[in-house]
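Below is one structure, written out as structure tokens; comments come after it.
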Amino acid sequence: MENILSTKQFDKVKILALFEQAKRFEEEGGGDLLKGKVMATLFFEPSTRTRFSFEIAMHRLGGSVVSNADMMTTSSIKKQETLFDTGKVVSQIVDVIVMRHPEAGSVAKLAEGSDVPVLNAGDGSAEHPSQGLLDLYTIWKEKGTLDGITVGMVGDLKYGRVPHSECDLLRHFDVKFVFVAPEALQMPKDIVESLENEGAEVKSGGNLEELIGEMDVISMTRIQEERFESREEYQKYAGSYVLDENLMKMAKEKAIVLHPLPRVDEIDVAVDQDLRAKYFEQVGNGVFVRMALLSSVF
Ligand code: NCD
């Protein structure tokens with residue numbers, strides 16, 4: 001039985017094999033591969049794309065779904081059941097569990113109790129493996145490769161679990177990193193150091209205008225309001241970066257723009273019309289990558 005809790009579980013061979021499988025699902029559909037299997041989605045934090053696309057992925061593989069989008073207030077966690085016990089209980093009646101929670105490490109706690117595979121759909125600021133994978137899949141499809149490219153990450157690189165997972169996966173490829181964030185929200189030092197120790201070139205700065213021209217991939221992220229200690233603290237950084245038509249003029253002609261969404265104000269809607277904007281295609285790609293992930297755990 002294999003859980004998917006962390007991007008650390010993936011190496012280059014595994015990532016590319018997963019993408020080949022996702023591509024096959026995209027071209028040929030999922031058939032009835034998981035017919036008779038049931039997936040439970042246990043979400044302790046808001047979600048639109050991630051929960052729906054996991055659920056649609058399961059449907060497209062012929063499986064079925066039971067779902068709780070509001071575990072925090074409507075599940076037995078409210079009666080002080082531990083995550084371990086919830087995992088044990090739910091795993092007696094379903095075949096796979098997908099879970100999101102605001103606390104780092106919480107999905108692993110539930111997985112300890114579970115007798116079926118558990119997939120991490122985001123745990124606090126720590127990780128979001130399926131999102132990282134679908135972001136790379138989008139780059140791989142659009143660019144034809146993950147090697148020899150410069151990937152820019154822009155926004156809240158401290159609290160954003162998506163940029164953390166992207167780094168963890170991109171480290172296996174020949175990638176140059178450009179991190180653009182306010183000083184206080186820069187990529188955590190341990191991540192930067194581990195990339196550098198592995199020989200990657202890393203550039204960090206605060207000025208998007210200066211650095212956008214270097215990027216083949218412009219991966220935007222929202223300032224993660226819910227992770228700040230206070231609203232005042234968040235307000236200091238809200239609106240730090242807004243990718244607009246003007247900035248897009250400074251970007252490479254063949255650059256692509258990604259965003260895990262939801263966006264607040266960090267990409268002007270006018271950019272949606274730019275052919276380099278790939279964030280809505282990215283959402284669609286999420287279904288195929290999650291089909292590949294789900295089929296891989298059985
Ligand atoms: C992201 C998340 O939940 O981490 N959204 C998503 O899963 N598509 C990004 C975010 O909330 O900013």
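Indexing begins at 1, ligand by ligand and atom by atom, following the structure's order.
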Would you mind checking if [Y] and [X] are paired as a salt bridge, meaning a charged N to carboxylate O distance below 4.0 Å?
X	Y	value
Arg290	Glu26	no
Asp156	Arg222	no
Glu127	Arg161	no
Glu214	Lys203	yes
Arg263	Asp272	yes

Requested in this report: Kindly check if the number of other-residue, nucleotide or ligand heavy atoms within 6.0 Å of CD (Glu81) is above 12?
Outcome: yes
Which of the numbered atoms in ligand 1 are under 4.0 angstrom from any heavy atom belonging to [X]?
X	result
Leu261	1 (C), 5 (N), 6 (C), 8 (N), 9 (C)
Arg222	10 (C), 11 (O), 12 (O)
Arg49	8 (N)
His128	2 (C), 4 (O), 6 (C), 7 (O)
Gln224	10 (C), 12 (O)

Would [X] count as a polar contact of ligand 1, with the cut-off being nitrogen or oxygen pairs under 3.5 Å?
X	value
Val162	no
Pro262	no
Glu226	no

Query raised in the report: For Glu45, is the nearest heavy atom under 4.0 Å from an atom of ligand 1?
Result: no
Query raised in the report: In Å, rounded to the nearest 0.5 Å, how long is the span from OG of Ser204 to NZ of Lys189?
Result: 9.5 Å
Query raised in the report: So which protein heavy atom does atom 3 (O) of ligand 1 come closest to, and at what separation?
Result: Arg161 NH2, 2.9 Å
